[in-house]
Amino acid sequence: MPEETKQPGLEENFARLEEMIETLEKEDIPLEEAFAVYSEGMKVLKQCNDQIDRVEKQVLKLGGEGQLEEFGDGYTGI
């Protein structure tokens with residue numbers, strides 16, 4: 001049975017992004033390294049967006065009758 005790899009949580013991904021930003025802000029970073037860090041950062045950012053989307057779909061709202069309902073696909077956040 002293949003071993004499942006656990007993806008980092010949202011907070012861990014945000015911390016990784018912070019580290020990547022600090023690396024990219026260095027004045028003496030070689031172009032190749034900057035591109036590699038940027039590419040990895042874009043992958044981590046996509047993971048963050050996917051994680052946030054999953055959480056948003058799990059958010060419940062309180063209906064007019066006091067019952068809990070899931071937000072529908074048409075939820076716009078307004």
Side-chain angles (χ1 to χ4, degrees):
M1 178 176 251
E3 185 177 317
E4 289 185 32
T5 54
K6 183 178 184 266
Q7 287 194 345
L10 193 56
E11 292 83 9
E12 292 170 289
N13 278 336
F14 282 156
R16 287 177 61 202
L17 287 172
E18 289 280 342
E19 292 171 6
M20 291 175 186
I21 290 169
E22 289 175 12
T23 299
L24 290 172
E25 289 177 339
K26 294 179 182 174
E27 292 182 20
D28 60 345
I29 185 172
L31 183 59
E32 294 84 10
E33 183 182 347
F35 183 72
V37 171
Y38 174 82
S39 295
E40 180 65 21
M42 293 306 293
K43 291 176 187 175
V44 172
L45 188 57
K46 183 181 179 334
Q47 287 179 356
C48 289
N49 285 332
D50 291 345
Q51 290 168 322
I52 290 170
D53 286 344
R54 279 193 304 273
V55 169
E56 284 178 343
K57 289 178 183 175
Q58 295 173 356
V59 172
L60 300 176
K61 68 176 182 176
L62 190 58
E65 304 280 323
Q67 73 281 9
L68 291 176
E69 303 171 358
E70 290 189 29
F71 284 120
D73 289 333
Y75 175 69
T76 60
I78 299 175

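Worth knowing before you read on, the calculation uses all heavy atoms, side chains too, and leaves out hydrogens, waters and symmetry mates. Along the sequence shown, the residues carry numbers beginning at 1. Bear in mind that the values here come from a model prediction, so they are computed numbers and not experimental data.
Shown here are the side chain to side chain contact (heavy atoms under 4.5 Å, CB included) partners of E12, two or more places apart in sequence or in another chain: P8.
Rounded to the nearest 0.5 angstrom, Q47 CD and N13 CG are separated by 5.0 Å.
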N/O donor-acceptor pairs under 3.5 Å from side chains in residues 18-43, not counting sequence neighbours:
residue: T23; atom: OG1; partner: E19; partner atom: O; Å: 3.0
residue: S39; atom: OG; partner: F35; partner atom: O; Å: 3.0
residue: E40; atom: OE2; partner: R16; partner atom: NH2; Å: 2.8

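D50 has no carboxylate O lying under 4.0 Å from a charged side-chain N of R54, or vice versa, which leaves the two without a salt bridge.
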